[in-house]
Protein chains: 2
Amino acid sequence: MELQIRIKMNENLFLRDPESTELGRKIVRQSILLIYEIGFEDFTFKKLAAAVHTTEAGIYRYFENKHRLLVYLVTWYWNLLEYQVLYQINNITDPEMKIRKVIELLSKEIDDNIGGSDIDHKALYQIVIAESNKVYLTKDVEENNKAQLFKPYKDLCARIANLFTEYNPDYPFPRSLASTLVEMAHFQYFFMHNLPSLTDFGQEKDPRKLHEFLEVLVLNNIRLGK
Amino acid sequence: MELQIRIKMNENLFLRDPESTELGRKIVRQSILLIYEIGFEDFTFKKLAAAVHTTEAGIYRYFENKHRLLVYLVTWYWNLLEYQVLYQINNITDPEMKIRKVIELLSKEIDDNIGGSDIDHKALYQIVIAESNKVYLTKDVEENNKAQLFKPYKDLCARIANLFTEYNPDYPFPRSLASTLVEMAHFQYFFMHNLPSLTDFGQEKDPRKLHEFLEVLVLNNIRLGK
DNA sequence: TTGAAATGATAGTAAAGCTATCACAAAAAA
DNA sequence: TTTTTTGTGATAGCTTTACTATCATTTCAA
């Protein structure tokens, strides 16, 4: 049995639902490969159109602009990750183990055989690492936030924060620690590979060391006052 | 006595040293105001030229493109901040107090009467918060890193990491904790104001709470094994 | 005061970002 | 089955951004 997860995406993210047509799915699939390859700055709808064998106008029928498309991709990732967290934690009772599991999930790309569509999860993970902040670091955060574009990200953080509270109800900063964990899982990965002197694992580039750092960061903190 | 600090900037950051001419200084000064006002995405050299009462070509004589100009501004901030850290910590002997001082400096704009030029430090601080990551989150990190563009940022982090090691030589992740601290000082500030549910101080928006979070995050962690 | 350096003014090009129109095919509704 | 509706392809065009080039003029420094 192969399970197909259907993620309901916020309708403000697109003009026409890309999941509803073959062209739409191709746009999403190819955009991940292209952004991964050339970076979001150099990415244009014209280039994407060429990769998908359609026209620029064809892309614009699905997404308002490239920023919205990026939000779509990143949001899709957060949705899937939250699902993974939920699923993987389901059968664990020990709060500490749950937290460890979350850190593990944050530290690598999403398991390939999940999520339905033939998405390149490794490329998507790299995009999330290098580009996801650009999604909210803009002048129209407030507007986009009102349009619920960041809900999946906030939901994921809220869920992680709840795990912290479950572990230690007295820890005073569960939400900030959750957003710190999520951001740092990706930032430290980026630093490790690109600005290694900003980390303590820049030489070996050992993901397990990064993993350990995150565990220490979170668990050691959350035990506060326990 | 008024002290004038002269920061030597990496020559790869500009085509012509903006500090050497009146027009150059105006470009820097106005670019801070303009980026602060409209955000980096909407910021163009044409608009900047209008604000400075010069032509687009006039700007291009100083900076290769708007990205380089952003790197210049952010780098200038990191330089100044490191200077501030050095200066303010100089007369403190207690390692913990030094760390507290650094967190305090990270948490607010740079003191106005320092740094020489008539820079709007509040605007610059906001730019660093909202735009500084874009400086290295690009496809040419490696190239720019080789050109030493990120040296001031890395130097600052290294210095903070040294304070951690001084406090507890056994803490295994001083550098990652330093970059985490620097990034989170700014991210949590941004979240607090724009995506408040990602923090534990989104209601009151009390900077002291954020400050406390950072202190707890760092000090509680670094005591590990001490 | 003479030569070098900086600026202003203007022009122009390629690409990015976006909208509009029309013809045609395929799918859905009648 | 025949209409509609819906999605796609093709083409065109417009504005803005990003950037380069040229040349006359002003300012500055030796």
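The figures that follow rest on heavy atoms only: side chains count, while hydrogens, waters and symmetry mates do not. Quick note on labels: first sequence line is chain A, next is B, and so on, each numbered from 1.
Taking a cutoff of 4.0 Å between a charged side-chain nitrogen and a carboxylate oxygen, A/Glu82 and A/Lys151 do not qualify as a salt bridge. A salt bridge links B/Lys146 with B/Glu142; the closest basic N to acidic carboxylate O contact falls under 4.0 Å.
When rounded to the nearest whole Å, the span between CZ of B/Arg25 and P of C/dT7 equals 10 Å. Here the P atom of nucleotide C/dG17 and the CZ atom of A/Phe63 are 16 Å apart, to the nearest Å. Atom NZ in A/Lys46 sits about 16 Å away from atom P in C/dT19, given to the nearest Å. Rounded to a whole Å, the NZ atom of A/Lys66 is 16 Å from the P atom of C/dA15. The separation between B/Leu23 atom CG and C/dA9 atom P is 12 Å, rounded to whole Å. Atom OH in B/Tyr62 sits roughly 10 Å away from atom C1' in C/dA5 (whole-Å rounding).
Aromatic pair B/Phe187/A/Phe187: centroids less than 6.0 angstrom apart. Between A/Tyr125 and A/His186, the ring centre distance stays below 6.0 Å. In this structure, B/Tyr189 has its ring center closer than 6.0 angstrom to the ring center of B/His193. Remark: aromatic rings of B/Phe63 and B/Phe45 are distant, center separation not under 6.0 Å.
OP1 and OP2 of C/dA20 both lie 4.0 Å or more from every side-chain N or O belonging to A/Tyr60. A close approach under 4.0 Å does occur between a side-chain nitrogen or oxygen of B/Arg16 and OP1 or OP2 of C/dT7. Between A/Thr44 and the phosphate of C/dG17, there is no side-chain N or O to OP1/OP2 separation shorter than 4.0 Å.
Relative orientation of the A/Tyr87 and A/Tyr83 rings is parallel, given thresholds of 30° and 60° on the angle between their planes. The aromatic rings of B/Phe213 and A/Phe173 stand perpendicular to each other, their planes meeting at an angle above 60°, with 30° marking the opposite boundary.
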Contact list (N/O, under 3.5 angstrom) for nucleotides 24-29 of chain C vs protein:
none

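In this structure, B/Lys139 satisfies the cation-pi test against A/Tyr36, with its NZ or CZ atom closer than 6.0 Å to the six-membered ring centre and inside 45 degrees of the ring normal. A cation-pi geometry, defined here as NZ or CZ lying under 6.0 Å from the six-membered ring centre and within 45° of its normal, does not hold between B/Lys66 and B/Tyr60.
DNA chain C is contacted by both A/Asn65 and B/Gly24; B/Gly24 maps to the nucleotide lying nearer its 5′ end (nearest heavy atom per residue).
Only B/Glu56, B/Ala57, listed by number, bring a heavy atom of residues 51-59 of chain B to less than 4.0 angstrom from any atom of DNA chain D.
First and last contacting nucleotides of DNA chain D toward chain B (any atom under 4.0 angstrom from a heavy atom, 5' to 3' order): D/dT17 to D/dT22.
Screening B/Ile119, B/Ile7, B/Thr75 for a side chain to side chain contact (heavy atoms under 4.5 Å, CB included) with B/Leu80, the sole residue that qualifies is B/Ile7.
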